[in-house]
Every structure is written in C-alpha cells, then in structure tokens.
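What follows is a short report on a single structure.
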Amino acid sequence: MKMKGTATVVKHTGSHYLLTELPGWNLFPAVLRGKVRLKGSTATNPVAVGDLVDYDLDEAAEGDSMAAITSIHPRRNYVIRKSTNLSRQNHIIAANLDQAVIITSLMFPEIKLPFLDRILVTCEVYNVPAIIVLNKVDMYRDAAKEEVEAFKSIYESAGYRVIETSTKTGEGISELRELCKDKVTLFSGESGVGKSSMIKAIDPSLEPRTGEISDVHLQGKHTTTFYEMYRFSVSDGGSGYIVDTPGIRGFGLVDLKKEEIALYFPEMLRASEDCRFSPCTHTHEPGCAVKLAVEEGTITPERYSSYLGMLEDEGKYR
Ligand code: GDP
Ligand code: ZN
C-alpha cells in the first residue's frame, strides 16, 4: 500500500533529502523521483531547504524503504545565490521563509551601510520581511552610544525593526528568540558580526556551520547544500526554525532596472506617490517628493545616498 504525505525539506545531503512535517521534527530521508522540478526553475538544485513537497512511501517495504519526493509545491518566496563565475547558475538557498534576520555590528567588522541597504533591497525583492539585529552592543555602551541611536533611527525611520543584542551579556536574545518562534527565519550577516554566536545563544544545542562556501561546492549533479534548517526550542515548549547562511556576505545578487530600485526602499516607495512625474528617478526631476522628504529629514541622507549608489551601478552588486 502506498502512503502519501506532504513535508518540508530541512536538509540535502549528497544522496538524499531529509524531510519533516512541521511543526514537528521527525526527520526522515527521501529521494527525488524522476525529474521533479518546479516549472521555470533553472536553479542547480531542483529542491531547496524550506520547500514543501509531496512524497510517496511504499508501506510494503517499510523499514529499509525510503520516501520518494513526487512534486514540489509552489514557493511563497525564495532567496538565491547567484554564481559569481561565468556559468551564471543560480542556487536556491531556501524557500518559503517567514522572515530574514540580518545581523550587523557597528565595529569589528565596521558596518558599511550601503552594503546593509543592498541586503535589505534584496529582501524586499524576494519578498522576505527583514529584521535588523545590531549585535555586540556591550561594546558600544559608552563611547558609541550615539552611533547606536543614529543607526537605529536610520533604519526605524525606514520602517525596519532594529533589535539591539549582545551574545556576551544576553541582551535582546530572548526578544529575538520570541520573534523567531513558530517561524522559519533566514539568518544572514557578514563574517565576524557574531552570527554563529547568536545562533548558539538562541539555542546552545545548535552547532552552526562555519567557514567559506565556494561556488564549486554549489555545482555539479551531486551537490550537497550547505544550507540547512535547524529547529530551536523555546522554554515554554514552543520552537522555531533557523536557516543559516554560512560563509556568504549577504545573499543573492539582484539585477534591477534603474526605475525599479526605489520600489525596494520602503520609505521611498511611500514618498514617491507624491512625485510629480512617474516614473521618477528621484534625482533631478522637479516636484520630486522623495527629494523633498530627504530635505525635510523624513528620508535619511544615508539611505538616499545608498539609493544613488545603486542607481549608479544599476542595482548590480556582489
Ligand atoms: P560570525 O562569523 O558572524 O559567525 O561570528 P562569530 O559568532 O564567530 O563571532 C565573531 C567574533 O565576535 C567572536 O570573537 C565572538 O566572540 C565575537 N562576538 C560575537 N557576539 C558578540 C557580542 O555580542 N559582543 C562582543 N563583544 N563580541 C561578540
Ligand atoms: Zn521622485
């Protein structure tokens, strides 16, 4: 007798996938049956972490039997890593994300706001709500307190939630854990900001992977994904799910047309409703509501300058 079911992909090892029916965590292996692939997808990996899949299980052969993935549900969203070499292949990092946590620190490594803004634009393009975590606040308490406030006001005024954390003192960790409860969250951050420490602070039993992932790892037929979903437990018995992105600076590369870029700066999108011209590049046009908002201070010069930078290289970056 055949048993059918629907489950979520949490990991891809060389020969098989590991699935579970969320919110549970009873992992079982599955293989791909035939040419299962979402229509139109050209990614190197047909099935990604976070994918919801249908599977068959042959009960007669239970014991040493393996489930077979028969189809993939349409993705609510996904984030991809584009290959930096000439093959131009895409690798899907994860699908069906509830949110992304972007971990930053003001120093060590020093923050580069245009880089953060590009990650935020990428999240908007992929339709993944972003939360900004400002980590290592134990280091800035006295000397750099004003910088912390300035950072927060830039991103809060743009409409993002900013959480101050320290994996050393524990500040903000329970707030972050609470925000990630019952959700699938992508964790991203430049190397050194404390992403691994953060994942361990959320749940000490987790062992986040560290180190660099090269394009070579993500190619070929027998690619093992380095992206994996972890479950963490909350003391009240709840749980949440983290997809770590080891070894990548941000994720994805977006190729946006000049006139599209402002659509992904939420505060600019809001203001642009009142621009006299449409489309408006918000640079030289008379009656531009975005430029007015910058003059009046409701759009910060930092974000506007990131926008101009992206406009210059037409949204491309790596
Ligand atoms: P990752 O590369 O983003 O995974 O960063 P790690 O978790 O490996 O941390 C990088 C360095 O930052 C390590 O030396 C950590 O001890 C340190 N670190 C992480 N979180 C904090 C924090 O909240 N405060 C301070 N002062 N140092 C931290
Ligand atoms: Zn305008």
Side-chain angles (χ1 to χ4, degrees), residues 100-112 115-116 119 132-145 147-148 151 162-177 185-204 206-213 226-228 230 242-251 258-296 298-299 301 303-305 307-308 310-311:
V101 161
I102 318 297
I103 302 173
T104 64
S105 63
L106 288 183
M107 295 164 230
F108 315 110
E110 190 185 347
I111 192 155
K112 295 161 210 77
F115 177 68
L116 171 59
I119 293 179
I132 300 167
V133 165
L134 181 60
N135 190 35
K136 307 196 185 184
V137 289
D138 58 287
M139 300 176 83
Y140 329 130
R141 267 293 160 255
D142 303 319
K145 203 169 172 10
E147 282 181 59
V148 171
F151 176 87
V162 181
I163 303 174
E164 293 176 52
T165 62
S166 166
T167 67
K168 303 283 180 207
T169 66
E171 178 176 349
I173 306 295
S174 57
E175 186 184 353
L176 183 59
R177 195 187 289 121
T185 306
L186 186 82
F187 270 57
S188 170
E190 198 175 346
S191 170
V193 295
K195 181 163 61 70
S196 315
S197 310
M198 186 65 69
I199 291 173
K200 288 197 82 67
I202 287 174
D203 186 336
L206 297 178
E207 291 292 340
R209 200 188 280 265
T210 51
E212 197 59 35
I213 296 174
F226 285 75
Y227 308 115
E228 175 176 353
Y230 302 95
I242 290 174
V243 180
D244 189 16
T245 56
I248 54 170
R249 296 179 78 232
F251 47 83
K258 277 183 192 286
E259 61 273 20
E260 288 176 328
I261 300 170
L263 305 176
Y264 302 108
F265 282 76
E267 73 276 44
M268 292 182 55
L269 177 64
R270 282 191 294 272
S272 66
E273 282 173 24
D274 297 325
C275 289
R276 188 182 306 158
F277 296 99
S278 177
C280 178
T281 66
H282 318 303
T283 52
H284 60 274
E285 295 89 344
C288 173
V290 168
K291 281 204 307 183
L292 184 67
V294 175
E295 275 160 32
E296 288 175 344
T298 51
I299 289 177
R303 291 272 293 168
Y304 184 62
S305 133
Y307 165 72
L308 294 179
M310 288 190 74
L311 207 57

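Side chains are part of it too, since the values below use all heavy atoms of this structure and drop only hydrogens, waters and symmetry mates. Each ligand, and each atom within it, is numbered from 1 in the order the structure gives. Just so we're clear, the structure is a prediction, and the values are computed from it rather than from any experiment.
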Inset, instruction - With heavy atoms of S196 as the reference, note each atom of ligand 1 found under 4.0 Å away. - result: 1 (P), 4 (O), 7 (O)
Legend entry - Parallel, tilted or perpendicular, as decided by the 30° and 60° cut-offs, for the rings of F265 and Y307: perpendicular
Inset, instruction - Would you mind checking if E190 and K195 are paired as a salt bridge, meaning a charged N to carboxylate O distance below 4.0 Å? - result: no
Inset, instruction - Flag the pair R303 and E267 as a salt bridge only when some basic side-chain nitrogen lies within less than 4.0 angstrom of an acidic carboxylate oxygen. - result: yes
Inset, instruction - Please state which part of V193 comes within less than 4.0 Å of ligand 1, counting heavy atoms only: side chain, backbone, both or neither. - result: both
Legend entry - Smallest separation among heavy atoms of K136 and G192, with atom names: NZ-O, 2.7 Å
Inset, instruction - Enumerate the protein N/O/S atoms at a distance below 2.8 Å from the Zn ion (ligand 2), ignoring waters. - result: C275 SG, C280 SG, H282 ND1, C288 SG
Inset, instruction - Run the numbers for me: atoms of ligand 1, each under 4.0 Å from some heavy atom of S166, listed by number. - result: 23 (O)
Inset, instruction - Compare every heavy atom of A271 with every heavy atom of A289, then report the nearest pair and how far apart it is. - result: CB-O, 3.3 Å
Legend entry - For D138, atoms of ligand 1 separated by under 4.0 Å from a heavy atom: 22 (C), 23 (O), 24 (N), 25 (C), 26 (N)
Inset, instruction - Ignoring hydrogens, just give me the one of G170, S188, S197 whose non-hydrogen atom is nearest atom 6 (P) of ligand 1. - result: S197
Inset, instruction - Heavy-atom distances under 4.0 Å are what count here, so tell me which part of M139 touches ligand 1: side chain, backbone, both or neither. - result: side chain
Inset, instruction - Quick one: closest heavy-atom pair of V193 and N135, and the distance? - result: O-ND2, 2.9 Å
Inset, instruction - Evaluate whether atom CZ of F277 has more than 12 neighbouring non-hydrogen atoms of other residues, nucleotides or ligands under 6.0 angstrom away. - result: yes
Legend entry - Nearest heavy-atom neighbours spanning A201 and R177: O-NH2, 3.2 Å
Legend entry - M198, any N or O under 3.5 Å of ligand 1 N or O: no
Legend entry - Test item: side-chain donor near acceptor, D138 and T169, under 3.5 Å: no
Inset, instruction - Take every heavy atom of S191, measure it against each atom of ligand 1, and state whether any distance is under 4.0 Å. - result: yes
Inset, instruction - Determine, for K291 against E285, whether the closest basic-nitrogen to carboxylate-oxygen distance falls under 4.0 angstrom. - result: no
Inset, instruction - Name the option, out of I199, T169, T167, that contains the heavy atom nearest to atom 23 (O) of ligand 1. - result: T167
Inset, instruction - Show the numbers, then the answer: is there a side-chain contact (heavy atoms from CB on, under 4.5 Å) between F151 and I132? - result: CA-CA 11 Å; F151 176 87; I132 300 167; 3.8 Å; yes
Legend entry - N135: numbered ligand 1 atoms lying under 4.0 Å from its heavy atoms: 20 (N), 21 (C), 23 (O)
